Amino acid sequence: MAQSRILEKKVFDKLLEWVSQLIEWLSRFSKGLARIYHPRTWKEKGLVWSVALFAVTYLIINGALGWLWSMEPDGFDVRQVTYAHVGHSDRMVTGAIYTSALIEIGDTLLNKRGGYISNDVAPPGVWMDNMPNWEFGALVMLRDAVGALRDHFSRSQSQSVEDVALAEAEPQLNFQNNSWILPATESEYRQGIDALDDYLARLADTNQQAQFYARADNLRLYLDIVEKRLGSLSQRLSASVGQVRVNTDLANDPDARQATASSGQVEVKTPWRELDDVFYEARGASWALLHILRAIEMDFASVLEKKNALVSLRQIIRELEATQTQTFSPVILNGSGFGIFSNYSLTMANYISRANAAVIDLRDLLQRG
C-alpha cells in the first residue's frame, strides 16, 4: 500500500510539472504573439514585413477553416427529425419519414459546417475540392428521391394530378449547383426545401389533399434509378487502377444498334487528378441514400414484410453504412489493385457494388414476391 501511494505521488508530481511547463510555454507564446502583432513592431520592421505577416496569418486562418469545413456532416435519426418536423406522433402518417429525410438532407447541405461550398468564390471554399464533390453526390441522390416522390410516391396512377408543391420542389432542386449570384444556388434550393415542407404539412394534415402511396410498384421504380446510380459510381471507382473491359453495350439483344460503332474492348481509367473527386462524390451519395433507405424501411414496412424483402433492404443499408467509415489517411490512397499501398477507391467500390447487387435482388423480390 505504501509503495502504491509513493508511485501515485510520483505520477501526480510529474503531471504537475508537465502542466506548469505547458502554462509557461503558453505564456511565452502569447507574449511573443503580442510582441509580433504590436503596431510598433510593424513600424520598426517595415511595410514588406507587415504584409508578409498578414499574408501568413491569412493563409493559416483559411487553412484551419478549410480543414474544419472539409469534415463530413454526421448522420441523423430519420424518425427523430420527423418528430421535429411534424410536431406530434399522431401526424406520423405514411410518407412523413421519407419526406422529412429529404428535407433534412437538403437542410444539411445548406447549413452544415461552412454552409454550402460548391458555389463559393472566396477562400477557403474556392480552394476546397473534396467537400464540393461530397455535396454533389448527396445532391444527386436527393434529386432522384424528390423526383420519385413527385412522379411515383405521391400519385396513385399515371393519370392522377401531381402535387403542386412537389411540382415546384423538383425543378428548384435541379437548379445548377454552382451559381454564386443572380440567383444563388442556396436560395433556389431553399425554395425547393420549403416546397417539401409545404407538402409534408399537408400530408400530415388529414384534411388536406396530399397523399403518399407506399406500394411495391412505386418503390421498384425508384430502386431502378438507384441501381443505375450505384452501378455508375461502382464503375468509376473501379477505374482508379485502369481496366480493359469487354464492351457489353449491346449484349443480350442481337437486333440492338447504337449511334456510333465502338470496339469490342474498352480501356477505362480515371485520371489521377479525379480519383479523390469520385471517391468523395461516392461518399456523399452513399450518405444521402443511406438515410433515404432508412426512411423507406419504415414507411414501406408493411409492403417489405409482405414481400419478404425487409432483410434485403437492411443488407443494402448495412453495406452503405460501411462506406461511411472514417478515413485515417490525410489523402485518398489509390495504389494498384494488388500493390503495396491500399486503394480507397476499390474498397468503396466493393461496398457500393455489394449494395447495388442487393438492390437488384430487392427489385426482383418486389416484382415476384
Side-chain angles (χ1 to χ4, degrees), residues 58-59 61-78 80-81 84-85 98-150 165-166 168-200 229 233 274 276-292 294-295 320 323-324 326-327 332:
Y58 180 77
L59 290 175
I61 293 174
N62 275 277
L65 285 176
W67 177 73
L68 289 173
W69 293 2
S70 293
M71 294 181 180
E72 299 169 24
D74 297 328
F76 56 87
D77 187 307
V78 293
Q80 291 298 323
V81 299
H85 283 290
Y98 180 88
T99 309
S100 297
L102 302 188
I103 294 171
E104 190 67 20
I105 291 170
D107 282 336
T108 301
L109 282 172
L110 298 182
N111 302 320
K112 59 180 172 52
R113 186 185 292 108
Y116 187 75
I117 296 174
S118 296
N119 63 342
D120 283 5
V121 294
V126 71
W127 296 338
M128 296 172 64
D129 187 6
N130 296 336
M131 183 51 67
N133 285 288
W134 187 96
E135 291 174 345
F136 183 73
L139 178 62
V140 169
M141 287 299 177
L142 175 60
R143 288 170 172 174
D144 290 342
V146 173
L149 180 60
R150 176 188 181 184
L166 297 180
E168 178 186 355
E170 186 186 18
Q172 292 296 133
L173 291 170
N174 277 277
F175 183 75
Q176 67 185 82
N177 70 312
N178 59 353
S179 176
W180 172 53
I181 197 171
L182 298 178
T185 296
E186 292 94 333
S187 63
E188 297 297 298
Y189 290 173
R190 176 53 60 191
Q191 292 180 36
I193 295 170
D194 290 342
L196 289 176
D197 270 320
D198 175 66
Y199 167 77
L200 178 60
R229 295 295 187 195
L233 288 171
E274 300 177 9
D276 60 333
D277 297 346
V278 178
F279 177 84
Y280 278 101
E281 181 183 340
R283 290 267 288 196
S286 301
W287 178 87
L289 181 59
L290 174 62
H291 293 90
I292 294 169
R294 284 173 177 167
L320 292 176
T323 66
Q324 302 304 301
Q326 182 181 357
T327 57
I332 300 304

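For the numbers below, each heavy atom of this structure counts, side chains included, while hydrogens, waters and symmetry mates do not. In this chain, residues are counted from 1 in sequence order. The shown structure was predicted, so the numbers you read here are calculated from the model rather than taken from an experiment.
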| Of all heavy-atom pairs between Ala169 and Ala195, which one has the smallest distance, and what is that distance? | CB-CB, 3.8 Å
| request: Could you list the residues that satisfy salt bridge (Lys or Arg N to Asp or Glu O under 4.0 Å) with Arg190, not counting sequence neighbours? | output: Asp107
| remark: Closest non-hydrogen atoms of Leu142 and Gly106, given as atom of the first, atom of the second and distance, are CD2-CA, 4.0 Å
| said: Are the side chains of Glu72 and Trp287 in contact, using a 4.5 Å heavy-atom criterion? | reply: no
| said: Other residues, nucleotides and ligands only: do more than 12 of their heavy atoms fall within 6.0 Å of CH2 on Trp127? | reply: yes
| From CA spacing to verdict: side-chain contact (heavy atoms from CB on, under 4.5 Å), Leu196, Leu173 | CA-CA 10 Å; Leu196 289 176; Leu173 291 170; 4.3 Å; yes
| Going through the distances and angles, do Asn130 and Phe279 end up as a side-chain contact (heavy atoms from CB on, under 4.5 Å)? | CA-CA 9 Å; Asn130 296 336; Phe279 177 84; over 6 Å; no
| task | Compare every heavy atom of Gln324 with every heavy atom of Ser286, then report the nearest pair and how far apart it is. | result | CB-NE2, 3.5 Å
| task | Answer whether the closest heavy-atom distance between the side chains of Tyr189 and Leu110 falls below 4.5 Å. | result | yes
| Any donor-acceptor N/O pair, Glu135 side chain to Ser118 backbone, under 3.5 Å | yes
| field | Heavy-atom donor-acceptor pair, Tyr280 side chain to Asp129 backbone, under 3.5 Å | value | no
| Is there a donor-acceptor contact under 3.5 Å from the side chain of Tyr116 to the main chain of Asn177? | yes
| field | Gap separating the CG atom of Asp197 from the CG atom of Leu102, nearest 0.5 angstrom | value | 11.0 Å
| Is the backbone N or O of Val126 less than 3.5 Å from a side-chain atom of Asp120, with the two atoms forming a donor-acceptor pair by type? | no
| field | Between CG on residue Asp194 and CD1 on residue Ile103, distance to nearest 0.5 Å | value | 9.0 Å
| Among side-chain atoms of Glu186 and Asn119, is any donor-acceptor pair under 3.5 angstrom? | yes
| message | Please find the pair of heavy atoms, one from Pro171 and one from Arg150, that lie closest to each other, and give the distance. | response | CD-NH1, 4.1 Å
| Just by distance, do the side chain of Thr185 and the backbone of Ser179 share a donor-acceptor pair under 3.5 Å? | yes
| Which is it for Met128 and Trp69 under the side-chain contact (heavy atoms from CB on, under 4.5 Å) test, yes or no, and what are the steps along the way? | CA-CA 9 Å; Met128 296 172 64; Trp69 293 2; 3.7 Å; yes
| request: State the CD1-CD distance between Ile292 and Glu104, to the nearest 0.5 angstrom. | output: 12.5 Å
| Which value, rounded to the nearest 0.5 Å, describes the distance between Asp198 atom CG and Thr99 atom OG1? | 11.5 Å
| How far apart are the closest heavy atoms of Tyr98 and Ala295, and which atoms are they? | CA-CB, 3.6 Å
| For the student: nearest non-hydrogen atoms of Pro124 and Leu65, plus distance | CG-CB, 3.8 Å
| query | Roughly how far, to the nearest 0.5 Å, is the OG atom of Ser187 from the CZ atom of Phe175? | reply | 7.0 Å
| said: Using only atom types and a distance under 3.5 Å, with no angle test, would you say the side chain of Arg283 pairs donor to acceptor with the backbone of Trp134? | reply: no
| message | Check whether Gln172 reaches the backbone of Glu188 with its side chain - one donor and one acceptor, N or O, closer than 3.5 Å. | response | yes
| said: Working to the nearest 0.5 angstrom, can you tell me the gap between Phe136 CZ and Arg143 CZ? | reply: 6.0 Å
| Arg229: what forms a side-chain hydrogen bond (donor to acceptor under 3.5 Å, both in side chains) with it, not counting sequence neighbours? | Asp144
